[in-house]
Amino acid sequence: MVTLTRARSPWRERTSPRNRADGADPLRHVDLILVSAVLAICVVGLLMIYSTTHRRVPDDGLYFVKRQLLFVALGIGAMVGVIAIDYRRLRDFSLFAYLTTVVILVAVLAPIGSNVKGHQAWFQMPGGFTLQPSEFAKFGIIVALAGYCNQYRGELDAWRLTVVLMLAAVPLGLVLLQPDLGTVMVLGVIIVGLLAMAGVTGRQLVALALLAITAVYAVVGLGMLKQYQIDRLTHFLDPQSANSAAYNQDQSQQAISHGRTFGQGFEQGSQTQGGFVPEQHTDFIFTAVGEELGFVGAALLLALFGVVMWRIWTIARLARDFFGELVCAGVLAMLAFQVFENVGMTMGIMPIAGVPLPFVSYGGSSLITCFACVGLVLNVSMRRFR
Amino acid sequence: MSEANSRTRLTIIGAVVLALFAGLLTRLWFLQVAGGQDLAVQAQQNRDRTVIVPGVRGRILDSKGRVLAEDKAVDSVTIDRAKLTVTDRVAVVDRLALVLGMDPADVERAINDPKYSPYQPVPVAVNITFDRVLSLEEHRDQFPGVAVSRTTVRDYPYGATAAHVVGYIGKISARELRAREGQGYSNDDVIGKSGAEETFESELRGTPENLRVEVDSRGKVTRTVEVRKPVAGHDIQLALDMDAQQVAKDALEQAIEGARHTQYTGDTRTFQTLKADGGAVLVLDARTGSVVSLVSNPTFDPNDFVSGTVPDALFDPAQNSPLLDRALHGYAPGSTWKLITAIAELGVHVRDAGESIYDDGCIPLGDEKRCNARKQANGWINLPRALTVSSDVYFYDIGNEIWKRYRNLEGGDSAKSHPEGYAIQDTASLYGFGRPTGVGLTGDEKGRIPDLSFNLSRGQCVTLPSGQEDCSARTWRRGDSANLAVGQGDLLVTPLQLASAYAAFANGGTLYSPRLATTVLEGDVGIAPGQKQQTIRTLEPQVVRTTDLAPDIRDPVLAGLLGVVNDPAGTAKPAFTGYQGVPFAGKTGTAQREAGKQETSWFVGFTNPDNDPSLPQYVVLAMVEEGGYGADVAAPIVRRVVDFLNGNRNPPPVHVLGDSGRRD
């Protein structure tokens, strides 16, 4: 069966008449556990966005919740859209995905992009919405690099590795110019994850690590970072320092600790309701979970993420081709790192960086990107028999 | 690349992800379950703020309900620097200075006061008149950032008249704040600094309003958790009678003024006037210890402390320390002490009251000779007579006799106890000397009763020219005992101790702790005019002890003290010429001081010596530093106060006697 379906071209598959009893029907292999876990995480996100924002807009306590609901709908739309196209056709679009990513990243740096709080990272859209192309770049990089690595399975020599890195360096550098350190870190992890899956040797990985360290020193040492960015990166190493990053991290750890085992209760967290934690409905939303739902709620949320990771990992194992495996590894690396970096920074074990908590943090671009990435994984899962 | 290789890589990635999640869960566990309590407490503190709004401070009243201290609402002007633009500033400051009648430089200085944070309105002027408030309010637009607010300031309507009793308030010091931790004081509170304001701080202050509120990150109050309603401070009713106080204060001032124009006739024979640089007058109710008057001179105006315009002179020792309450300060009592010596003498039967000795003006004491002032000879005198004419010779002899018992009967300096040899010291202790009176005012000194142990603590051995070591200063000498008998030497008593002792003698032997206040009343906030304030509690007279004052002791001593005022030869007779009223007895005193200082002038007496229950009984005491003879300066002060107590609302002013010819 497996060998049979492999021979078919995607095109033929699309045009062939549907058979309801077909055991390989993609719709019968939608990973419902993964979808349920993602939707459950979205519900937690909506609740916490309500709790952190309902006092901010005097006339409409649901303002942020309604917008986030719209983003969830758009995200599900994007996910369905990604599912609809066979991922193997996407593979053929990997060059297109790469170029599109580079173009929008260049565009946002041009005057048509807008600058918020010192970051040239957004497109202003009608209705007060904004687009953050660096989020979409994550999706683009996964598709593009998976496509490239797939071509050279087992033949990823030093030259090709250099080509991959050079290709990756272009969008990375563009995001760094915004500057958006968080996304740079996520993109870097995606690249490492994909390359690890693609078959780089241990020696190459070590060389890669050295290169990354050199790059970090260059970025910091050449004065490309502003002082507040250095503070954000280093405060978790020196908790006694006092600056605005320290304030952020102290307040967020206090909020989480205040939750104790069972939490202060929904809408009852004084740190949360008093607005002591900055950016709490976006990057620091986990502090609201921690304070109001306690250890039980926070651990449950992490468990839901665990389920998501487990399903993606399983789908990678079951994928029928190497491209599917690579895509899943890229998505897994992206989501796992974002959860670790985001939750870790609220608890003071990771530096502060603008990385949203997938499906929970308020924000359309991130949500749509995450749904699209899950769509990729579902796509691989659905079509593993065809 | 093989399928198996791909599996291995995927397994490694899975393991890394698993490790990351394990790390997050561990950290979460340590923050929320196994630790992080301190952080949780900090989160709680972020939110909770305690806001303390002081209650209205209670009033201080005199015995007839007249207000001596109260909170008064005043209008003050503040400027909010944040609302004052640089371009406006000069013009606003100039206009404000004009309206307030201030120098623009002073306004500018007030605005720049570094004590206030830039976001806090700065007070520019306190207690401005109503028409100034009106002109500010009318032209609001010309005064951006300027506001008029109502605050309270402490007001002392009688000013300096009872300053040492009423006291004053001031900003709490860091030390006072530490001492009152947990009592709800904050560092911009005011607190009673002296007098009744200090003594009754806890009653007067009442309970501040205490709000526990939750605030958000901008400090905005989101919820009030707990409210403790403010309770206005209680009123304190003093025993003081401001009418008597005023008379006493005037009398002392008149006497001091008169003395400064009077020739000093002391033993130094130099031609100079009396210095009279300070003094005290006391009136006590002998049956309760109530302080009816307490005057200390020089004095100060407590309102100066409120407005912050305290004259530097108040702290200048060259200006005779106006803040010092001289009624509580220790002095040698001179002959007023003979009351104590006489009681001791009769108590241990040194000599019967009727037994006479011959006073030819001087008496040999061991190797030396002691004399009366100007060697005045008094002839054959018994105890009452000796008191009336204030014979030092008689009491030197008593001191000598008591010292002989100390040495011969009791073994002198080596003996453990001296039941008779210390008869004067023991009597003094019985009548409250050597210990603070317990009046409750700061500065209530304990004085000093000298004895062997005092000499041991102070006396030094000296090497005589012969080469011998003389350690007699470290023994209890004949001269020490003789000095003590006439109220000289190292003896120190405070006017308040002396008045209390005379009160105990007058009332038949009950020693009271002087009582400053009689009642604690509920605060008058919200009480309709004319409505009576409820009594919270009564401060009962405090009996220190009841001494066994037998009639065979009291009667002869009283006869002597009556003679002082009434007998033609009595030392105070000139000051009491033409005295009419309730019977009065007393004792003059002229205490010598160190070389170069004029004598301390004393008089202390009491009305109603026969203890007629239908009549009140007062002790009146006057003391003038460097005032010369008690008969000439102190006694006329007491005369005027006693005249007032006898019902003469307007007694004649004090006339200091140039030289009454009475020596004591």
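Below, chain A is the first sequence line, B the second, and so on; all start at residue 1.
Distance check, rounded to the nearest 0.5 Å: CZ of Phe295(A) to CZ of Phe30(B) gives 10.5 Å. Taking CZ of Arg317(A) as the reference point, atom OG1 of Thr11(B) lies at 6.0 Å (rounded to 0.5 Å).
What you find for Ile13(B) and Gly193(A) is that their closest heavy atoms are CD1-O, 4.0 Å. Looking at every heavy atom in both residues, Phe286(A) comes nearest to Leu28(B) through CE2-CD1, 3.9 Å. Residues Arg260(A) and Val33(B) share a closest heavy-atom pair of NH2-O, 3.9 Å. Nearest heavy-atom pair across His258(A) and Ala40(B) is CD2-O, 3.6 Å.
With a 4.5 Å cut-off on non-hydrogen atoms, Met347(A) touches chain B through its backbone and its side chain both. Contact of Tyr152(A) with chain B is not made at all, since no heavy-atom distance falls under 4.5 Å.
Remark: side-chain polar atoms of Gln254(A) are not paired, donor with acceptor, to backbone N or O of Leu39(B) under 3.5 angstrom. Between the side chain of Arg27(B) and the backbone N or O of Ile349(A) there is no donor-acceptor pair closer than 3.5 Å.
Ser257(A) and Gln32(B) share no side-chain donor-acceptor pair at under 3.5 Å.
Here Asp106(B) pairs with Arg109(B) under the salt bridge (charged side-chain N to carboxylate O under 4.0 Å, His left out) rule; sequence neighbours left out. Listed by chain and number, the residues in a side-chain hydrogen bond (donor to acceptor under 3.5 Å, both in side chains) with Asp31(A) are Arg311(A) (sequence neighbours excluded). The salt bridge (charged side-chain N to carboxylate O under 4.0 Å, His left out) search around Arg57(B) returns Glu197(B), Glu201(B), not counting sequence neighbours.
Of residues 334-344 of chain A, those residues with a non-hydrogen atom less than 4.5 Å from any non-hydrogen atom of chain B are, in numerical order, Ala336(A), Val339(A), Phe340(A), Val343(A), Gly344(A).
Top candidate by heavy-atom pairs under 4.5 Å with chain A, chosen from Leu10(B), Ile12(B), Val16(B), Val17(B), is Leu10(B). Chain B forms the most heavy-atom pairs under 4.5 Å with one residue out of Ala329(A), Gly294(A), Ala255(A), and that residue is Gly294(A).
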